[in-house]
Amino acid sequence: ISIRPGRMAHRTMKTTSVTGSDRMQRRHAFTLIELSIAVFIMAMIVAVAMPQFVRSYNAQLLNETARTFATTCQLARVEAVTRQMRATLHIDLERQMFWATQPVKTEDGTTGEDQTLKVYQLDKRVVLVSAERDDGVPGQAKLVDVTFYPNGTCDSVTVVFRGGERGGLAATLDPITCQAVPYAVK
């Protein structure tokens, strides 16, 4: 204890840890066993959650493909009506893609080569299984063409997509409204 004139007595003590004791030092790290348990628990959570995540991701890709098909059909319809020229949706089973084209009017009023409006290449996890025109017009085995007319109608077609899991989606194109309505198939 040290005493200074005019002040209270103060204790000065040398401490080495937060608790004030040399014997009760706290450890500031995890042990190997604690880390191993934490890693094991995280691995178990990942092992349980990963299959559901993959299924969800594949289903989302399949839904996205069906939505893209529907919007491509609407684009072809809008272009056919606004430009008053036929537009064509090409569905290629061999190359796993679909695209919309429309002829270009030249300066002298005749139609020239087709311009591509939109191209969609399917993801590797989604397969274009079949595409069949509902009007019975035979197409090539691997290529189906759907025509969109200037009056806002189109040829009817049914397209089937399969994802990485069981089941798939089919989309039937309504010839009056040109809406592609997707529905689940087994």
Side-chain angles (χ1 to χ4, degrees), residues 45-106 109-186:
I45 291 171
V46 168
V48 169
M50 189 56 71
Q52 180 61 30
F53 174 75
V54 170
R55 278 192 298 273
S56 174
Y57 182 72
N58 288 338
Q60 186 62 29
L61 280 175
L62 187 61
N63 289 333
E64 175 195 344
T65 302
R67 280 192 307 270
T68 302
F69 179 77
T71 58
T72 303
C73 291
Q74 285 301 305
L75 172 70
R77 178 180 188 244
V78 166
E79 290 296 322
V81 171
T82 56
R83 293 186 183 174
Q84 287 297 297
M85 294 182 69
R86 291 181 180 191
T88 306
L89 176 67
H90 309 277
I91 304 167
D92 192 339
L93 298 171
E94 189 172 323
R95 295 190 300 174
Q96 293 293 295
M97 63 187 297
F98 53 86
W99 68 98
T101 61
Q102 188 175 40
V104 178
K105 283 188 180 177
T106 60
T110 60
T111 57
E113 290 188 24
D114 286 353
Q115 70 174 350
T116 302
L117 302 173
K118 183 176 182 177
V119 177
Y120 186 77
Q121 178 71 46
L122 271 67
D123 188 273
K124 299 291 183 198
R125 291 177 286 275
V126 177
V127 177
L128 182 55
V129 177
S130 67
E132 295 177 10
R133 287 183 51 161
D134 297 337
D135 57 7
V137 174
Q140 296 175 359
K142 299 292 182 179
L143 181 64
V144 176
D145 291 335
V146 181
T147 303
F148 292 82
Y149 301 99
N151 65 358
T153 62
C154 65
D155 299 330
S156 180
V157 68
T158 299
V159 179
V160 178
F161 301 101
R162 293 236 183 256
E165 303 297 320
R166 287 183 234 138
L169 284 178
T172 300
L173 187 60
D174 181 27
I176 305 298
T177 63
C178 298
Q179 296 282 330
V181 180
Y183 54 92
V185 294
K186 290 188 178 195

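Quick note: numbers below take in every heavy atom, side chains included, and nothing from hydrogens, waters or symmetry partners. Treat the numbers as computed from the prediction; the structure is a model and nothing was measured.
Atoms CZ and CD, from R83 and Q102 in turn, are 5.0 Å apart once rounded to the nearest 0.5 Å. Atom CD of E94 sits about 12.0 Å away from atom CG of L128, to the nearest 0.5 Å. Between the CG atom in L62 and the CZ atom in R162 there is a gap of 9.5 Å [rounded to 0.5 Å]. The distance from the CZ atom of R95 to the NZ atom of K142 is 13.5 Å, given to the nearest 0.5 Å. Rounding to the nearest 0.5 angstrom, the gap separating the CG atom in L75 from the CG atom in L117 is 5.5 Å. Here CH2 of W99 is found 11.0 Å from OG1 of T88. Values are rounded to the nearest 0.5 Å.
Counting heavy atoms from C-beta outward, T72 and L89 have side chains that approach closer than 4.5 Å. Counting heavy atoms from C-beta on, the side chains of D155 and Y149 come closer than 4.5 Å. With contacts defined as side-chain heavy-atom distances shorter than 4.5 Å, the pair T71/K118 qualifies. T158 has its side chain within reach of D134: a pair of non-hydrogen atoms, C-beta onward, lies under 4.5 Å apart. Between V159 and F98 the shortest side-chain heavy-atom distance does not fall below 4.5 Å. Counting only heavy atoms from C-beta outward, the side chains of L143 and D92 approach each other to under 4.5 Å.
Residue-environment remark: CD (E113) stays at or below the threshold of 12 foreign heavy atoms within 6.0 Å. The environment of Y183 atom OH is dense: over 12 non-hydrogen atoms of other residues, nucleotides or ligands sit within 6.0 angstrom. For Q96, the CD atom counts as densely surrounded, since its 6.0 Å shell holds more than 12 non-hydrogen atoms of other residues, nucleotides or ligands.
Within the 3.5 Å criterion, the main-chain N or O of Q52 finds no donor-acceptor partner in the side chain of S56.
Taking every heavy atom of both residues into account, A66 and L169 meet most closely at CB-CD1, 3.8 Å. Pairing each heavy atom of F148 with each of C73, the nearest pair is CE2-O, 3.4 Å. Shortest non-hydrogen contact noted between C154 and D174 is SG-O, 3.6 Å. The two atoms that bring A131 and V144 nearest to each other are O-CG2, 3.1 Å, heavy atoms only. For R77 against G152, the heavy-atom pair with the smallest separation is NE-O, 2.9 Å. D145 and R133 get closest at one heavy-atom pair: O-NH1, 3.1 Å.
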Exercise for review: I would like to know whether D123 and T65 meet side-chain contact (heavy atoms from CB on, under 4.5 Å); could you show each step before the answer?
Suggested key: CA-CA 8 Å; D123 188 273; T65 302; 5.6 Å; no
Check your understanding: Run the side-chain contact (heavy atoms from CB on, under 4.5 Å) check on E132 and V160 step by step: do they pass?
Key -> CA-CA 9 Å; E132 295 177 10; V160 178; over 6 Å; no
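Exactly one of R86, E79, Q115, H90 qualifies for a side chain to side chain donor-acceptor pair (under 3.5 Å) with T101. That residue is H90.
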